[in-house]
Amino acid sequence: MNKHLRTAVLKSLEDTTVPVLERLQQVCELLKEGIPYYDWVGFYFRNGDKEELKLGPYAGAPTDHTIIPFGKGICGQVAVSNKNFVVPDVKAQDNYIACSITVKSEIVIPLFKDGVNIGQIDIDSNTVDPFSKADEEFLEFVNEEVARIL
Ligand code: SME
């Protein structure tokens with residue numbers, strides 16, 4: 001998926017003159033601007049030793065959900081399952097935390113550092129059922145590259 005976007009992501013991540021969190025911020029913005037159905041893009045990371053996620057860099061509307069307990073919502077479930085979670089229609093989910101009424105679908109991909117699930121990338125879309133295998137592969141690539149600089 002989108003070779004130019006992959007190249008741009010790598011370029012941002014490899015720029016060691018920029019602080020790491022700023023590089024992740026740039027990646028969020030690149031993804032949100034580069035893919036029309038990515039309406040909110042953010043990273044959550046495990047909050048120290050706590051069984052909760054903390055919001056990191058993101059692009060899109062501010063969210064109240066800056067802390068998410070493990071097991072809660074789509075993000076919290078991925079923190080414990082270690083598996084990709086693709087939600088074609090958020091209305092069909094019971095364990096879901098709504099960030100905005102405009103969001104129709106979501107994809108969350110865990111981020112592993114040395115085999116440990118340390119966080120995730122979370123994408124919200126205002127389109128129903130937009131995500132394919134190509135999105136999963138692309139976001140796995142992004143997370144692998146992010147893990148290298150953490
Ligand atoms: N919808 C997520 C919460 C995070 S927001 O999408 C930014 C969830 O159910 O975990």
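One-based numbering, in listed order, for ligands and for the atoms of each.
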Whether D64 side chain and C99 backbone form a donor-acceptor pair below 3.5 Å: no
Taking atom 3 (C) of ligand 1 as the reference point, the nearest protein heavy atom with its distance: I97 O, 3.6 Å
Residue and atom name of the nearest protein heavy atom (relative to atom 6 (O) of ligand 1), distance in Å to one decimal: D124 OD2, 2.8 Å
Residue pair E22 / Q26, side-chain donor-acceptor N/O under 3.5 Å: no
Atom 8 (C) of ligand 1 - nearest protein heavy atom and its distance: I74 N, 3.2 Å
Proximity to ligand 1 by part of D122, non-hydrogen separation under 4.0 Å: side chain
Distance-only polar pair, side chains of Y37 and N126, donor-acceptor under 3.5 Å: no
K113 atom NZ, neighbour heavy-atom count above 12 within 6.0 Å: yes
Side chain, backbone, both or neither: the part of F85 lying under 4.0 Å from ligand 1 by heavy atom: neither
Under-4.0 Å heavy-atom contact with ligand 1, by part of Y58 that carries it: neither
Numbered atoms of ligand 1 (with element) below 4.0 Å of Y44, judged on heavy atoms: 4 (C), 7 (C)
Shortest protein contact, atom 2 (C) of ligand 1 (heavy atom only): E106 OE2, 3.2 Å
Validation row: V27, L13 side chains within 4.5 angstrom (heavy atoms): yes
Side-chain heavy-atom pair I109, Q120 within 4.5 angstrom cut-off: no
Geometric N/O contact C75 with ligand 1, under 3.5 angstrom: yes
Donor-acceptor under 3.5 Å (R46 side chain, N117 main chain): no
Numbered atoms of ligand 1 (with element) below 4.0 Å of Y96, judged on heavy atoms: 1 (N), 9 (O)
Side-chain H-bond candidate by donor/acceptor type, Y38 with D124, under 3.5 Å: no
Nearest-contact summary for atom 7 (C) of ligand 1 - protein heavy atom, Å: C99 SG, 3.0 Å
